[in-house]
Number of protein chains: 2
Amino acid sequence: MSLPHAILTALLEKPSSGLELTRRFDKSIGYFWSATHQQIYRELGKLEADGLIRTLPAEQPARGQRKSYEVLPAGRAELARWTAASQEPKPLRDALLLRLRAAAVVGTAGLGDDLRRHLELHERQLAEYQEIEKRDFPPGKDGPQDRLQHLVLRAGIDLETFWTGWLRHALEEFAELPGADPA
Amino acid sequence: MSLPHAILTALLEKPSSGLELTRRFDKSIGYFWSATHQQIYRELGKLEADGLIRTLPAEQPARGQRKSYEVLPAGRAELARWTAASQEPKPLRDALLLRLRAAAVVGTAGLGDDLRRHLELHERQLAEYQEIEKRDFPPGKDGPQDRLQHLVLRAGIDLETFWTGWLRHALEEFAELPGADPA
DNA sequence: ACTCACATGTAACGAGTTACATGATTCC
DNA sequence: GGAATCATGTAACTCGTTACATGTGAGT
């Protein structure tokens, strides 16, 4: 039940059409809640049917024509309710860790390459986040909204820092393993 | 496509019945790939139909009677293939970060309590992992299998360390925020 | 016989993914 | 007017979740 609220947040930040939302989900919000355009259109339909958003007036809704949405008061209320509601953290689910565990049984052949590839990807993501931090959150800027958004970005940076650190450690261990494939 | 491989790994470590698997998923493997008994039974049926596992002989399959499975050579081969195959890391998906972003728009009322609750949960999980580390991976024990399983546990420990650290930081920020709810 | 715990399974639903379809606009 | 692009939308499928159903065996 998070996608509708992700969309409400995005629309409150700025009313948009489906495709614009899709683009924005590819960037900022998508960093921690990704969505495809099919999901977004489906959800926009539901949100409108539920009276939480509406199409901006002065727009005629035809098939191939852009339709922009804005959040209604009921939508803002629902978002506030959801934000404050207590929610269980979802248990971790990571295929790479599963593969490591499987490798303990069927051998590590071929796994090292993918670990290196993942390390590269996480390094790149970390660099991207750090760029954003430098660009969007310079030392002076610290209104309440900035503080909160910076906090979210911090989580991304710390997470990628964790992954790169752990992957480097894992690769060191791999190098020492008897049957491990060499670099 | 990870659940079948999680099951194959578990069955290779030790042939089991559906309910035994469910129990084991609540513990070790479930720490990074959880599954309910319905998922497991459904998947066991598919794996058997695909010829990757079989019920242990000398067991008559009746409705309320336990049925133990073991992995066939084809299953082991499939698991090795999957383990070595290159896979994309799944993008992060975290509702708490989403809620923080939403709070930047609709206000932080009520969120602080849940942050504190999450901090407690992650602290507990971290303590549990550290217990397991002390118990299962004492300094002397370091065969190849131990090294790999220890590596997986390390990931869990480092991840929980990240979360507890970040949540503490977030709560500090919250305390300084103008409209934030007090502790 | 009754109940409870064990063990396996069905059914319905919700969310996410993939592939494809269709209408409008722009540019050559 | 044909092709490419923008924009919205459908359909089918997989995976995970929730609630419930059914059968077995052990204890009292």
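To find a chain, count down the sequence lines: A is the first, B the second, and so on, and within it residues start at 1.
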Where [X] and [Y] come nearest, the two heavy atoms and their spacing:
X      : Y      : result
D94(A) : L96(A) : OD1-N, 2.9 Å
L11(B) : S16(B) : CD2-N, 3.5 Å
G18(A) : I40(A) : O-CG2, 4.1 Å

Worksheet entry | Any donor-acceptor N or O pair under 3.5 Å, side chains E173(B), H150(A) | no

Worksheet item: Taking the side chain of H37(B) as heavy atoms from C-beta outward, which of dT18(C), dA7(D), dC20(D) is closest to it?
Response: dC20(D)

Response to the item:
Out of dT8(D), dA19(D), dT8(C), minimum distance to the side chain of L19(A) belongs to dT8(D)

Figure out the [atom1]/[atom2] separation between [X] and [N], and round it to whole Å.
X      : N       : atom1 : atom2 : value
E88(B) : dG16(C) : CD    : C1'   : 17 Å
I40(B) : dT10(C) : CD1   : C1'   : 17 Å
L92(A) : dG16(D) : CG    : P     : 14 Å
L47(A) : dA15(C) : CG    : P     : 11 Å
Q38(B) : dT22(D) : CD    : C1'   : 14 Å
H5(A)  : dG14(C) : NE2   : P     : 15 Å
I7(A)  : dA15(C) : CD1   : P     : 12 Å

Response to the item:
the helix from dA1(C)-dT28(D) to dC28(C)-dG1(D): angle between terminal helix axes, five bp per end, to the nearest 10 degrees, reads 10°

Worksheet item: In terms of side-chain geometry, is the basic nitrogen of D113(A) or R116(A) positioned less than 4.0 Å from the acidic oxygen of its partner?
Response: yes

Worksheet item: Would you call R124(A) and E120(A) a salt bridge, taking side-chain N to carboxylate O under 4.0 Å as the test?
Response: yes

Please enumerate all protein N or O atoms sitting under 3.5 Å from an N or O of nucleotides 12-15 of chain D, with distances to 0.1 Å.
none

Worksheet item: Pairs in or reaching into residues 83-133 of chain A: which pass ring pair (Phe, Tyr, Trp, His ring centres under 6.0 Å), with residues at least two apart or in two chains?
Response: Y31(A)-Y129(A), H122(A)-W163(A)

Fill in: Euclidean distance, L111(B) CG relative to R99(B) CZ, rounded to 0.5 Å
5.0 Å

Worksheet entry | Side-chain donor/acceptor of R147(A) to backbone N/O of F174(B), under 3.5 Å | no

Worksheet item: Under 4.0 Å between a side-chain N/O of K67(B) and OP1 or OP2 of dG9(C), yes or no?
Response: yes

Worksheet item: Reckon Y41(B) has a side-chain N or O less than 4.0 Å from the OP1 or OP2 of dT8(C)?
Response: yes

Item to complete: Assign S17(B) to base, sugar-phosphate, or nothing according to its heavy-atom contacts below 4.0 angstrom with the strands shown.
Response: sugar-phosphate

